[in-house]
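Written below as structure tokens is the structure these notes are about.
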Amino acid sequence: MPQRPYIVGNWKMHGTRAMLSEARTIDRAAQRHMKVEVAIAPPYTLIHPVHREAEQIAVGAQDCHDQESGAYTGDISAAMIADAGGKFVILGHSERRDAHSEKDAKICAKADAALDAGLRIILCCGESEAVRDAGRAISHVKKQLNASLPDNIENAAERLTVAYEPIWAIGTGKTAGLDDIAEMHAEIRKLLVDRFGDETGPDIRILYGGSVKPENAGEILGLPEVGGALVGGASLTADSFMGIAMAAGDAVEA
Ligand code: 13P
């Protein structure tokens, strides 16, 4: 069964308790747009407060450790996220791959830990501008994804989401061309069918991320194999974030 479009806000390192009113507004608006599944990943410090405010939207984290507990100063485990009310975790974001030198194997271990803790996962992949210019975007993303995905995911259509985020489109105002997005999503779909089979592979949602805003969301979300969006900057205000969610709802109806 086709799933609802999934619109996820990645607040990155933005937000103090002053942002709770924005989360509340997003939640109330999401209750009026049930055709779309809306979620936000605020900083760790806001997971529990947003969870307490939210009646409709899911709240999640932007990373987790691959161990359940231990002497890992400054880290947060998947079990802790679940305990705070988190329902999902974003893993392998390019900002973590870059600034924290996260490699595919580590991301795969984190994905296993998150799934064990009962969280859903959003696994990110994407190429740099240099890789795209060299004509290696598709092979790069497929290799990255293959190595980051755990082998066995029970109920993968429900618990796994893939997010394609070209690095050069993140926070730059540039979006990938519609043909390039469609081509990459079709390739990712093939990989998911190879890995998870004909029954499950077609139902795993693939999100696009990179400068998505209300003005471009309709055309991006109308593309085949685009099952939603992972939104950074435009998720920080209820107005722009829900503008994207509404465009997603319209795109599936069209
Ligand atoms: P922007 O929407 O700000 O480009 O960020 C995208 C992103 O990195 C979401 O994870």
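What you see is a predicted model, and the numbers here were worked out from it, not measured in a lab. Order of appearance sets the numbers: ligands from 1, and atoms from 1 within every ligand.
Looking at E129 and R132, no side-chain N of the basic residue comes within less than 4.0 Å of a carboxylate O on the acidic one, giving no salt bridge. Taking a cutoff of 4.0 Å between a charged side-chain nitrogen and a carboxylate oxygen, D63 and R96 qualify as a salt bridge. The pair E158-R205 does not count as a salt bridge, with every side-chain nitrogen at least 4.0 angstrom from each carboxylate oxygen. We find that K142 and E183 are not joined by a salt bridge, their nearest charged nitrogen and carboxylate oxygen being 4.0 Å or further apart.
Heavy atoms of G210 approach ligand 1 to within less than 4.0 angstrom. Within the 4.0 Å heavy-atom cutoff, S211 counts among the residues contacting ligand 1.
For ligand 1, the polar-atom distance check against G171 finds a nitrogen or oxygen pair separated by under 3.5 Å. Remark: ligand 1 and L230 share no N or O pair separated by less than 3.5 Å (distance only, no angle test). An N or O contact shorter than 3.5 Å links K12 to ligand 1 by distance. In terms of polar-atom proximity, T172 is not counted as a contact of ligand 1, lacking any N or O under 3.5 Å from an N or O of the ligand. For ligand 1, the polar-atom distance check finds an N/O of G233 within less than 3.5 Å of one of the ligand's N/O atoms.
Only the side chain of N10 comes within 4.0 Å of ligand 1, judged by heavy-atom distances.
D198 is linked by a salt bridge (Lys or Arg N to Asp or Glu O under 4.0 Å) to nothing, counting only residues two or more places apart in sequence or in another chain.
Side-chain contact between D151 and R195 is present, with heavy atoms from C-beta onward closer than 4.5 Å.
Residue L230 is found in a hydrophobic cluster whose other members, listed by chain and number, are Y6, V8, F88, I90, I122, L207; membership requires side-chain heavy atoms under 4.5 Å apart, directly or through intermediates.
Listed by number with element, the atoms of ligand 1 under 4.0 angstrom from any heavy atom of A169 are 4 (O). Atoms of ligand 1 found under 4.0 Å from any heavy atom of E165, numbered from 1 in the order shown, are 6 (C), 7 (C), 8 (O), 9 (C), 10 (O).
The closest protein non-hydrogen atom to atom 2 (O) of ligand 1 is G232 N, 2.9 Å.
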| said: Please evaluate residues R24 and E55 with respect to the criterion salt bridge (Lys or Arg N to Asp or Glu O under 4.0 Å), reporting the C-alpha separation (whole Å), side-chain torsions for both, the decisive distance (0.1 Å), and the verdict. | reply: CA-CA 9 Å; R24 207 176 305 127; E55 291 173 11; over 6 Å; no
